[in-house]
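To start, the structure itself, in structure tokens.
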Amino acid sequence: MSDLPYIVGNWKMNGLRGMLSEARSIDRASARYPKVQVALTPPATLIHRLHEAMQSIGIGGQDCHAEESGAYTGDLSAQMLKDAGADFVIVGHSERRAVHNETDAMVRGKAEGALAGGLSVIVCVGETEAERDAGKAEEIVAGQVEGSVPRGKGAELRLSVAYEPVWAIGTGRVASVDDVAAMHRNIRAKLVSIYGEAGSGVRILYGGSVKPDNAAELMAADEVGGALVGGASLSAESFMGIVDAASQKVAE
Ligand code: PGA
């Protein structure tokens, strides 16, 4: 797994063809940052178009089914995403866990399906506000990592983990840098307990209201290997502000 900072824009359920020009701007600007790995996850309907139009950034899906094919109306397999031009997929986003009742076991199944389908995978974890207030954040997140990450030979080589506190997503509220660093160390310890020393190479991204003006301090925090960005990835200007902040980390 690369150790370049990894900045992933998650467009969620946003984006019609008109958004291709924004993606093109992001792609062109990203070519000037060879020390930052940049990717977008558009809605599945745009994966193929982005794949054809992009030159310097990665393209991913926002979810996949655990199985390769079958009678699962409305679902998409990892093979289909790859066929459309994706090279990775996000699984276990808190919106999927909350709205589609996805459990850790389901997320792990999807992550393993993604790897079997030839994709890399970003597994999302994160506590709710009530869990943090109850002093249980580290325990909850460690449990999600244990239950959600893919197993199998070399699984950790194509894995990133995104720590996204649910209360920070789309709210403008960001976890403190100290809390982020502490949680990333907690996740690192869990990854090493699962994969052995190889777990120290898995990138851990932070997500939740990352913006150009807070990205530099978040990216500088201990064990933060990049960012998963929602709202701020919908405009090239704000997204590239975050990519630029990540490039400063490399320059340090
Ligand atoms: P946000 O979303 O940056 O809009 O908070 C992050 C995410 O959900 O991945």
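Order of listing sets the numbers, starting from 1, for every ligand and every atom in it. Only a predicted model underlies this, so the values are computations on that prediction, with no experimental measurement involved. We number each residue from 1, following the sequence as shown.
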Solution key, residues 210-220 side-chain donor-acceptor pairs under 3.5 Å, sequence neighbours excluded:
residue, atom, partner, partner atom, Å
N214, OD1, K211, N, 2.8
N214, ND2, S209, O, 2.9

| said: Enumerate the ring pair (Phe, Tyr, Trp, His ring centres under 6.0 Å) contacts for residues 148-174, please, sequence neighbours excluded, ordered by first and then second residue. | reply: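 Sorted pair list: Y163-H184.
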| Between atom OH of Y33 and atom CE of M240, what is the distance when rounded to the nearest 0.5 Å? |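 So the gap between those two atoms works out to 5.5 Å.
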| said: Using the side-chain contact (heavy atoms from CB on, under 4.5 Å) criterion, which residues pair with D83? Sequence neighbours excluded. | reply: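 Here no residue qualifies.
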| NZ/NE/NH1/NH2 to OD/OE distance under 4.0 Å, E127 and K136 |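 No.
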| field | Cationic N near anionic O, under 4.0 Å, E223 to R188 | value |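 The answer is yes: the pair qualifies as a salt bridge.
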| field | Under 4.0 Å from ligand 1, counting heavy atoms only: the protein residues, by chain and number | value |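 Shell around ligand 1 (4.0 Å, heavy atoms): N10, K12, H93, E164, A168, I169, G170, G208, S209, L228, V229, G230, G231.
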